[in-house]
Amino acid sequence: MASGPRQKFDNPVIEWVDSRLPIFTLMNKEYGVFPTPRNFNYFWNFGAIAMVMLVTMIVTGITLAMHYNTSTAGAFDSVERIMRDVNSGWLIRYLHMNGASFFFIAVYIHIFRGMYYGSYKKPRELLWMLGVLIFLLMMATAFMGYVLPWGQMSFWGATVITNLFSAIPLVGDSIVTFLWGGFSVDNPTLTRFFALHYLLPFVIVGVVFLHVWALHVTGSNNPLGIDVKGPQDTLPFHPYYTMKDMFGILVFLIVYVAFVFFMPNALGHPDNYIPANPMVTPAHIVPEWYFLPFYAILRAITFDIGIPFTDIVFIEAKLGGVLAMFGSIAMLFILPFLDTHPIRSATFRPWYRIALFGFVVVFLILGVCGSKPAEGFWVPLSQLCTLLYFAFFVVAIPFFNKKEPVAELPPSIHQAVLTSQPVAAE
Amino acid sequence: MRTKILAAALLLSMVGFSSAHAAGEHIEYPDVKWSFEGPFGTFDRAALQRGFQVYKQVCSACHGMKKVHYRNLSALGYNEDEIKTIAAEYQITDGPNDEGDMFDRPGRPSDRFKSPYPNDNAGKFANNGALPPDLSLMIKARKDGADYVHALLTGYETPPEGEELLNGQHWNKYFAGHKIAMAAPLADGAVSYEDGTEGTVEQYALDVTHFLAWAAEPEMEKRKQTGIKVILFLVVFAGLMYAVKRKIWSKVH
């Protein structure tokens, strides 16, 4: 990737390699001296934390795959064998199981960081969209992974979610049969989910590579949301941010391992310790916690959409729910093009800041709605919150584009750091 | 700091979600203070052995525990010879032998707990069509599993007036819907403990739940003890890294 003039290394072995394949030059350029805004706060740790979680998931996942039995007859028992008889198998499995949750926690905070400080705005639109693509791939991977232990929630979760595709007009049922590899969720479904669950993380690695590549073209955003004007605004990535990331990662790991060792099943569902039984439906089917807000949006559309007072229906409720759910992620995807306000950071956008905190609250309420049975006042509450979710993107943001005052920004990161320590010093 | 508060808030909201799963009528169980609760919790070996005795003499008539092997009983404090003796009390069907026939032989420590039924259909046939569930993971497969199982075992009573029970149904105040197919399994004095502990329904329920909690999570003690070391290590390591970070950043602040 790098050609042209190259600095020589003193170590002859490194020099020998680097003159043939400049990998050390690349590492030094991208992670050694890489100019990074000097005013990051701890929210900027979560990219590195997500990376650590991705590697953790791949390492523990490959180890689990060595002991896992991909069949409806053997899957549940093989997971229990891992828990009981494989050396440290319980540790590897609990790390993987809770790792998924903590990967999502890191990524949700990372996404919030991007939204708060306007990291999605020009020139980082593509960087942001690659990030949303990673999020989507993570959701697919996590969903299929949850099916593999072949417990009751695995089986019924898979049944509910794959059935969503039957909402597609005309070809829906054929698509579902194609996904299942049969006429119900069964052995062929499990084996293909395992194959894809093993494949997709490496696709994620590929997109993460593109994500980081794009980041290193534009450089990082920062809490002030203003551009880097010169070397006085930046610090070399190493040792300043390698050390800060190191500390942040360790704090995050403490919380993560506290769950792994002391409440490994707190984030899961007890029903998944009951072997899958197609003849018995659980009283209440819920996905993993990180899907709950989207699950609530899916279930919020309980009405057909058509011409009022006639029998003409354009979109049936089921299809409407599916469209709303995928639409909610599509909104994130096109966010850079919805928000054209010239200021990036919410620090200088009081209107947007209030709306964003409201959006976070709505998202959390949707999460609670998703965990409850779709009955009683939870249904109108989910509908209201779904409406507010979309209103944030298609009403509030366009409104702010036109009306929110453009505040005066600090002239440079350097000056802001010198004049107001509290804002800048982490 | 802000990060930590945020993480804590996120975690709290999730714990809220997972405790909100129970559907239908809300039933409160007595909150038992188990010795295996908390980050330093351990199993009580004497309770485990008594609980195993209750399982062996009462529960195992209908419920299997297929995930547990006789060799695992060493965790209860039994030695190798005792385990061999326990396993040998059961006749295990093995085979086929060189001549193609199945044969019975005494159990060995490497065998799984012998199931009361040769297969699931036999279990259903013997129990009005409902298979008594395997108990290996029961404590993990129910919300607040230990408290729930203890409550269920002690929750049998005569039905309130106006409630009709069908043949084969029993009234349990802690069971969802209250009508349960399992008859009250425990009675005072049904099992005579070797260590002189009093044989009451309450004591049997506590002990057998203790045993089932171990069976569901045999790794628990090792897990928690490892966890303490890992957390201590990470806290010290993080503190060290924070000091280094401060030192490095002091030049630019």
Side-chain angles (χ1 to χ4, degrees), chain A residues 38 41-43 45-46 77 80-81 83-85 89-91 94 101 105 108-109 112 151 235 239-240 243-244 246-248 250-255 257-275 283-284 286 289 292 364 367-368 370-373 421 425-426, chain B residues 1-4 6-8 10-11 13-24 38-39 66-69 72 133-134 136-145 176 216-220 222-228 230-231 234-235 237-242 244-245 247-249 252-253:
Chain A
R38 58 194 304 154
N41 57 33
Y42 276 106
F43 273 116
N45 280 5
F46 285 90
D77 286 344
E80 275 310 309
R81 207 186 77 83
M83 293 298 293
R84 288 155 192 270
D85 291 334
W90 57 269
L91 176 58
Y94 279 156
S101 286
I105 290 174
Y108 275 127
I109 297 174
F112 171 76
L235 293 168
Y240 293 99
M243 271 321 297
K244 194 168 176 175
M246 182 70 170
F247 171 62
L250 287 168
V251 172
F252 187 84
L253 287 183
I254 290 172
V255 184
V257 301
F259 270 81
V260 168
F261 288 107
F262 299 110
M263 38 187 164
N265 296 304
L267 301 174
H269 197 290
D271 276 31
N272 230 25
Y273 283 108
I274 304 170
H284 183 194
V286 280
W289 68 267
L292 290 175
L364 293 176
V368 177
S371 74
K372 304 287 179 188
Q421 281 291 342
E426 74 220 22
Chain B
M1 195 58 214
R2 241 186 307 173
T3 321
K4 267 193 233 168
L6 203 94
L10 247 152
L11 295 178
S13 61
M14 284 168 343
V15 175
F17 290 161
S18 54
S19 66
H21 287 318
K66 282 187 209 152
K67 306 281 182 278
V68 186
H69 297 76
N72 299 131
D134 188 277
S136 322
L137 284 163
M138 189 49 76
I139 302 296
K140 280 212 267 189
R142 297 290 181 277
K143 191 175 157 329
D144 298 329
E217 299 190 290
E219 88 297 343
M220 189 214 68
K222 195 177 179 202
R223 166 159 61 74
K224 289 178 176 174
Q225 283 153 13
T226 314
I228 305 236
V230 171
I231 298 239
L234 283 176
V235 167
F237 192 22
L240 211 63
M241 291 298 106
Y242 184 67
V244 175
K245 186 245 156 200
K247 181 94 171 60
I248 289 170
W249 277 79
V252 295
H253 273 165

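A, B, ... follow the sequence lines: proteins, then strands. Residue 1 opens every chain. If you're wondering where the values come from, they're calculated on a predicted model, not measured in any experiment.
Annotation for B/K224: atom NZ counts as buried by contact number, over 12 foreign heavy atoms lying within 6.0 Å.
Under the 4.5 Å side-chain criterion, counting only non-hydrogen atoms from C-beta, A/P270 is not in contact with B/R142. Here the side chains of B/K222 and A/L91 are not in contact, with every heavy-atom distance at 4.5 Å or above. Residues B/Y242 and A/K244 are not in side-chain contact: their nearest non-hydrogen atoms beyond the backbone lie 4.5 Å or more apart. Looking at heavy atoms from C-beta onward, B/R223 lies in side-chain contact with A/W90 at the 4.5 angstrom threshold. Using a 4.5 Å heavy-atom cutoff, the side chains of A/F262 and B/I228 are in contact.
In this structure, B/K67 pairs ionically with A/D77, as a charged nitrogen and a carboxylate oxygen lie closer than 4.0 Å.
Of the two parts of A/L253, the backbone and the side chain both hold a non-hydrogen atom closer than 4.5 Å to a non-hydrogen atom of chain B. In this structure, chain B has a heavy atom under 4.5 Å from the side chain of A/D85, while its backbone stays farther away. For B/P39, the parts sitting under 4.5 Å from any heavy atom of chain A are the backbone and the side chain alike.
Considering only residues two or more places apart in sequence or on other chains, A/P239 meets the side-chain contact (heavy atoms from CB on, under 4.5 Å) condition with A/T242, B/I248.
Smallest separation of non-hydrogen atoms from A/F261 and B/G227: CG-CA, 3.3 Å. Contact detail for A/R38 and B/V252: the closest heavy-atom pair is NH2-O, 3.5 Å.
In this structure, the separation between CZ on A/F247 and CE on B/M241 is 11.0 Å, given to the nearest 0.5 Å.
Of the listed residues A/I274, A/D271, A/L235, A/I254, the one with more heavy-atom pairs under 4.5 angstrom with chain B than any other is A/I254. The choice from A/R84, A/E80, A/M246 that makes the most heavy-atom pairs within less than 4.5 Å of chain B is A/R84.
Side-chain atoms of B/W249 come within 3.5 Å of backbone atoms of A/Y240 as a donor-acceptor pair (strictly under, hydrogens ignored).
Remark: of the listed residues A/V257, A/V255, A/V251, A/V257 is the sole one forming a side chain to side chain contact (heavy atoms under 4.5 Å, CB included) with B/L234.
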